[in-house]
Protein chains: 2
Amino acid sequence: MAQVKNTYQFEDLLEKHQLKKTGARLRVLSMMYAKNTATSQPDLESVMHDIDRVTLYRILNVFEEKGIIHKVFDLNGTANYAVCSSGCHEHHHHDEHLHFNCTACKGVFCLNELSLPSINLPAGFQASGFTLYASGLCPKCSAR
Amino acid sequence: MAQVKNTYQFEDLLEKHQLKKTGARLRVLSMMYAKNTATSQPDLESVMHDIDRVTLYRILNVFEEKGIIHKVFDLNGTANYAVCSSGCHEHHHHDEHLHFNCTACKGVFCLNELSLPSINLPAGFQASGFTLYASGLCPKCSAR
DNA sequence: AATACTAATGCAACATGATTGCATTTACCA
DNA sequence: TGGTAAATGCAATCATGTTGCATTAGTATT
């Protein structure tokens with residue numbers, strides 16, 4: 001879901017994680033918080049032409065390490081990133097929700113409101129995290 | 001699960017799908033049926049040095065189209081392929097089972113015996129397929 | 001068994017995303 | 001307002017995925 005924030009809140013967020021408040025990081029944050037779908041690095045590159053690919057790569061990496069965003073792969077296996085819900089902490093992500101891949105618009109939706117039912121694994125398997133993927137049509141695309 | 005088959009059965013399998021019985025295809029089949037984890041193309045390349053990358057790529061693609069194997073992404077977003085269970089048909093995969101990624105040995109396990117609980121999606125979303133991913137330690141790695 | 005036809009393969013080349021090293025710049029604290 | 005470590009930009013490399021085309025090989029037919 002889109003979580004509206006202003007620049008001051010983004011600055012606080014960076015400060016909280018001991019990250020310097022740079023223009024690139026603030027722009028990435030504002031873009032990711034403004035949309036309700038996950039964002040791939042190519043998505044960011046197509047908008048922020050003046051920021052180097054490697055810089056974006058490292059921004060996404062450090063945001064993931066700090067628990068600000070989490071990574072989710074789309075149907076092509078390319079990494080997408082979405083703003084974490086409140087349950088995320090550094091080095092301990094809590095993205096056990098449903099990731100919906102729209103086959104038409106290629107959007108990746110994080111449906112945080114859905115909780116996963118408990119799963120019993122076969123003997124010997126020790127799971128540290130679950131992620132449920134669904135593919136199909138998102139509301140906009142299915143309305144056509 | 002490892003499904004033991006002999007060469008004649010692999011030839012029948014290819015014939016059934018109107019695919020020519022070539023050495024490369026038979027070797028890929030025997031390797032994939034022999035193991036109980038999913039196989040990436042780099043895995044195949046590291047063993048079958050004499051077969052071209054592109055050939056392996058196309059073999060995996062045609063096997064997936066025919067419903068012989070199905071694709072599953074590992075934690076790095078690279079494609080892995082596993083032998084389909086009985087429920088798979090051409091252009092209509094039935095891989096709605098649990099995919100387990102071992103963070104230690106990097107193995108990808110398809111746990112066909114587990115069926116997914118039913119999921120209620122938010123209004124507007126129309127799902128055509130589900131896949132559940134778990135990450136953690138497989139039996140061998142957790143035993144250490 | 002020889003032939004012909006189509007599918008399958010190998011090779012070259014290209015595309016995209018991920019990743020590292022290093023020099024330069026910038027944020028921020030003393 | 002410097003000084004310092006972090007952040008950025010640039011160049012380069014690697015891995016995987018993908019297409020086109022010439023050659024080879026499987027298979028059906030005679």
Side-chain angles (χ1 to χ4, degrees), chain A residues 7-8 10-29 31 38-66 68-81 90 101 106 108, chain B residues 7-8 10-29 31 38-66 68-81 90 101 106 108:
Chain A
T7 306
Y8 298 115
F10 293 141
E11 291 183 354
D12 289 347
L13 186 60
L14 291 176
E15 194 167 355
K16 193 176 79 178
H17 291 286
Q18 291 135 33
L19 296 173
K20 293 187 176 173
K21 303 160 196 162
T22 67
R25 286 175 176 168
L26 289 170
R27 284 164 66 192
V28 169
L29 280 180
M31 176 165 170
T39 311
S40 67
Q41 195 185 315
D43 288 344
L44 294 173
E45 289 173 19
S46 68
V47 177
M48 307 191 242
H49 306 280
D50 54 326
I51 302 180
D52 193 81
R53 297 167 45 237
V54 180
T55 301
L56 291 173
Y57 170 76
R58 288 194 263 235
I59 287 178
L60 293 173
N61 270 13
V62 75
F63 281 3
E64 195 198 5
E65 280 172 22
K66 296 291 187 177
I68 299 173
I69 60 180
H70 67 268
K71 195 196 293 195
V72 43
F73 292 104
D74 63 17
L75 294 171
N76 304 317
T78 51
N80 281 248
Y81 298 88
E90 188 166 359
N101 286 251
K106 310 299 177 194
V108 178
Chain B
T7 307
Y8 298 114
F10 294 142
E11 291 184 354
D12 289 347
L13 186 60
L14 291 176
E15 195 169 354
K16 193 177 81 179
H17 291 286
Q18 290 137 29
L19 296 173
K20 293 187 176 173
K21 303 159 197 163
T22 67
R25 286 176 176 166
L26 289 170
R27 283 165 65 191
V28 170
L29 281 180
M31 175 164 170
T39 310
S40 67
Q41 194 186 316
D43 286 344
L44 293 174
E45 288 173 22
S46 68
V47 176
M48 308 193 235
H49 307 280
D50 53 325
I51 302 180
D52 193 81
R53 294 169 50 235
V54 180
T55 301
L56 291 173
Y57 169 75
R58 287 193 264 235
I59 287 177
L60 293 172
N61 270 13
V62 76
F63 281 3
E64 195 197 6
E65 281 172 22
K66 297 290 187 176
I68 300 173
I69 60 179
H70 67 267
K71 195 197 295 196
V72 43
F73 292 105
D74 63 17
L75 294 170
N76 305 315
T78 51
N80 282 247
Y81 298 88
E90 189 165 359
N101 287 251
K106 311 298 178 194
V108 178

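Lettering of chains follows the sequences in order, A, B, ..., and the numbering in each one begins at 1. This one's a predicted model, so the numbers in the text were calculated from it and none came from an experiment. Both backbone and side-chain heavy atoms feed into the values below; hydrogens, waters and symmetry mates do not.
The shortest non-hydrogen separation linking A:D74 to A:V108 is CB-CG2, 3.7 Å. The heavy-atom pair separating B:H70 from B:E64 by the smallest distance is CA-CG, 4.3 Å. The two residues B:E11 and B:K21 have their closest heavy-atom pair at O-CE, 3.8 Å.
Of the residues in residues 41-51 of chain B, B:D50, B:I51 come within less than 4.0 Å of DNA chain C through at least one heavy atom, sorted by number.
Residue B:D74 contributes atom CG, which lies 18 Å from atom P of C:dG17 at whole-angstrom precision. Atom CG of B:N80 and atom P of D:dA15 are 17 Å apart (whole Å). One atom, CD1 of B:I59, and another, C1' of C:dT9, lie 9 Å apart when rounded to the nearest Å. Between the CZ atom of B:R25 and the P atom of D:dA25 there is a distance of 15 Å, given to the nearest Å. In this structure, the CG atom of A:N61 is 13 Å from the C1' atom of C:dG17, given to the nearest Å. One atom, CG of B:L75, and another, C1' of D:dA15, lie 17 Å apart when rounded to the nearest Å. Separating the CG atom of A:L56 from the C1' atom of C:dT20 is a distance of 17 Å, rounded to the nearest angstrom. In this structure, the CG atom of A:L60 is 9 Å from the P atom of C:dA18, given to the nearest Å.
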*Under the side-chain contact (heavy atoms from CB on, under 4.5 Å) rule, what do A:L60 and A:L44 come out as? Steps first, then yes or no, please.*
CA-CA 10 Å; A:L60 293 173; A:L44 294 173; 3.9 Å; yes
*Going through the distances and angles, do A:T39 and A:I69 end up as a side-chain contact (heavy atoms from CB on, under 4.5 Å)?*
CA-CA 10 Å; A:T39 311; A:I69 60 180; over 6 Å; no
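Applying the side chain to side chain donor-acceptor pair (under 3.5 Å) test to B:N101 and every residue at least two apart in sequence or in another chain returns nothing. With sequence neighbours left out, the side chain to side chain donor-acceptor pair (under 3.5 Å) criterion links B:S40 to B:D43. With sequence neighbours left out, A:V54 forms a side-chain contact (heavy atoms from CB on, under 4.5 Å) with A:D52, A:R58. Remark: A:R53 pairs with A:Q41, A:E45 by the side-chain contact (heavy atoms from CB on, under 4.5 Å) rule, at least two apart or across chains.
Interface remark: the B:R53 side chain does not form any donor-acceptor pair with the C:dG10 base, using a distance-only criterion of under 3.5 Å.
Taking 4.0 angstrom as the limit, B:Y57 places a side-chain polar atom (N or O) nearer than this to OP1 or OP2 of D:dT18.
For A:D52, counting side-chain heavy atoms from C-beta on, the closest listed nucleotide (D:dC10, D:dG17, D:dA7) is D:dC10. Between C:dG17, C:dG10, C:dA8, one nucleotide has an atom nearer to the side chain of A:T78 than all others, and that is C:dG17.
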*Could you run through nucleotides 21-30 of chain C and give me one letter per nucleotide, 5' to 3': B if any protein heavy atom sits under 4.0 Å from the base, S if only the sugar-phosphate is that close, - if neither?*
B-----BS--
